[in-house]
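As structure tokens, the structure follows; a few thoughts come after it.
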Amino acid sequence: MKIFNKLFGMALVFAAAGLVASCSSQDGPSADQGVDVVKLGLAKAPDVKVWSGNTTLAGTRADDLEDEVGDVVEEVVEDRTGWPEGFEPKREDVYNKGHVKGVDEVEVNLAVNHSHEFTVNDENGEPTTEPESVNDLATKLSIHVRYANDVKVRIPVPMQYVVPVDDMAIVLSHQFDDATYKIEGKEVSMNIGGNTVTLHIEYYSGVTQEGVEFAEQFVEEYKDGYICVWTEGITQEVIDYCMETYGDGVNFEVWNYFNKPDEEIEGEVVSYPALQESELFHYVNRASVEFLNGILPDAYINAFAAHEDTANGMGEGERVDAFVYITGDGALVGENDAQRKEYNDYNTSYHLNGKAFNHIYNKKVAAEPEPKPEPKPEPKPEPK
């Protein structure tokens with residue numbers, strides 16, 4: 001089988017998108033500064049797109065979105081794929097009192113995409129090349145922010161699966177502490193109504209490298225690294241502008257790519273640590289979302305394309321959408337005083353994406369106090 005030349009593909013991506021990931025000096029500790037940060041590259045840099053409504057705002061995968069306000073957007077229809085027998089999701093009484101669907105909420109979907117072969121076809125749909133295997137074992141993270149605050153998602157994946165062979169030797173050797181080497185990330189900034197909004201993507205090889213404590217740092221799947229994606233600059237002015245101009249919040253999509261076991265580069269077969277689709281799904285199925293600055297939306301929606309009860313894994317008919325738990329969820333770290341405790345148990349219901357299998361977490365609402373009885377008037381004294 002003819003194998004896609006990863007280095008050539010990487011060159012095209014880097015040249016076209018102006019990405020920042022790169023390999024640099026791998027020098028050891030410096031006598032002047034204590035240590036130099038060892039900078040590592042990525043097997044393939046992430047792709048990003050940002051949009052609101054039907055308008056592209058930024059990114060390297062923006063060509064599949066309409067460019068102008070007012071273009072026709074495909075109608076969202078209900079998708080009943082994979083409904084279990086007798087299942088009917090809730091349609092009413094899903095949201096808190098006073099909460100409107102699409103307002104003051106965050107929606108997240110995280111999917112693992114099957115690797116596949118492809119051919120280049122002509123205008124008549126006839127193949128013009130032999131089938132090629134693409135190094136595209138990937139995750140697609142979608143974050144829809146519809147409230148005035150920033151959001152962070154952590155996706156556990158060992159970093160040995162996202163860096164090239166040359167850099168992988170450094171990752172696996174453990175010759176440096178977490179703080180002395182860094183896998184280059186990426187950021188994309190855009191102007192939204194006169195305000196700067198930035199999407200950050202960073203890769204941490206260990207749980208201490210981010211420099212902050214978080215609930216999931218003691219979860220087994222996080223110990224060898226994770227992908228960290230967060231927004232910066234989403235204010236009320238940004239949300240108001242997007243809602244008034246595009247009728248939507250700010251939407252982010254991030255594609256991350258992972259190494260396959262073997263690949264031919266420049267005529268030589270290079271072996272990577274094997275990562276199968278089912279193994280990747282095991283890791284990403286423990287992702288978490290954190291609402292920054294301690295400001296929580298009224299509702300959080302974990303979106304699924306197929307029903308939650310569909311078996312884990314990547315086989316035919318099995319779900320590919322991962323859980324993205326609110327940080328501190330008992331499913332990962334047990335009970336603690338984290339953000340998850342601020343929400344009631346989820347309901348399964350429809351949402352703006354047309355899917356029935358959304359887990360909708362509602363913020364806890366204090367019971368309204370019972371009205372105090374009106375004081376009885378004191379009796380008037382009888383005249384003497």
Side-chain angles (χ1 to χ4, degrees), residues 51-54 64-65 72-114 138-147 151 153 155 247-254 277-278 281-282 284-289 291 296-326 329-332 340 343-365:
W51 76 99
S52 183
N54 63 345
D64 56 342
L65 291 169
V72 176
V73 179
E74 184 177 349
E75 182 181 359
V76 175
V77 296
E78 179 182 305
D79 183 355
R80 296 180 176 232
T81 305
W83 281 32
E85 185 177 354
F87 174 80
E88 176 64 26
K90 293 184 179 181
R91 296 176 182 269
E92 305 295 338
D93 300 322
V94 175
Y95 295 89
N96 285 333
K97 179 180 178 181
H99 176 63
V100 179
K101 183 187 296 187
V103 178
D104 198 6
E105 65 182 34
V106 172
E107 178 185 340
V108 175
N109 173 258
L110 176 58
V112 175
N113 292 72
H114 287 274
T139 56
K140 182 179 75 170
L141 169 68
S142 301
I143 307 173
H144 307 269
V145 183
R146 303 180 181 117
Y147 86 128
V151 178
V153 174
I155 307 170
D248 194 6
V250 190
N251 307 303
F252 306 87
E253 191 170 281
V254 179
E277 289 169 332
S278 59
F281 188 88
H282 169 83
V284 304
N285 202 38
R286 286 149 180 80
S288 64
V289 59
F291 309 115
L296 279 61
D298 275 356
Y300 166 63
I301 296 90
N302 189 182
F304 292 81
H307 193 266
E308 62 185 294
D309 292 336
T310 305
N312 290 356
M314 302 298 299
E316 186 66 28
E318 297 178 335
R319 73 178 173 96
V320 296
D321 295 288
F323 287 103
V324 183
Y325 300 98
I326 299 172
D329 196 309
L332 293 178
R340 174 64 182 91
Y343 289 83
N344 295 316
D345 291 337
Y346 58 72
N347 292 300
T348 302
S349 180
Y350 296 91
H351 199 58
L352 301 178
N353 49 33
K355 306 293 185 182
F357 308 117
N358 299 289
H359 288 185
I360 299 179
Y361 295 77
N362 292 299
K363 193 190 295 183
K364 291 182 179 178
V365 177

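Each residue takes its place number in the sequence, starting with 1.
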State, with a plain yes or no, whether a side-chain heavy atom of [X] is found less than 4.5 Å away from one of [Y].
X	Y	value
Tyr361	Asp329	yes
Arg146	Val103	no
Ile301	Val106	no
Pro297	Phe291	yes
Phe304	Arg319	yes
Val289	Tyr325	no
Trp51	Glu253	yes

Minimum-distance pair of heavy atoms, taken over all atoms of [X] and [Y]:
X	Y	value
Tyr343	Asp298	CE2-O, 3.9 Å
Ser52	Gly249	OG-O, 2.6 Å
Ala303	Glu107	CB-OE2, 3.8 Å

Are [X] and [Y] close enough that a side-chain donor and a side-chain acceptor fall under 3.5 Å?
X	Y	result
Asn109	Asp321	yes
Glu277	His282	no
Arg91	Tyr350	yes

Atom [atom1] of [X] and atom [atom2] of [Y]: how far apart are they, to the nearest 0.5 Å?
X	Y	atom1	atom2	value
Ser349	Lys101	OG	NZ	6.0 Å
Leu110	Ile143	CG	CD1	9.5 Å
Lys90	Asn347	NZ	CG	4.0 Å

- Task: Apply the side chain to side chain contact (heavy atoms under 4.5 Å, CB included) test between Tyr300 and each candidate in Val151, Val324, Asn362; give the one that qualifies.
- Result: Val324
- Would you please name every residue forming a side chain to side chain donor-acceptor pair (under 3.5 Å) with Asp104, sequence neighbours left out? none
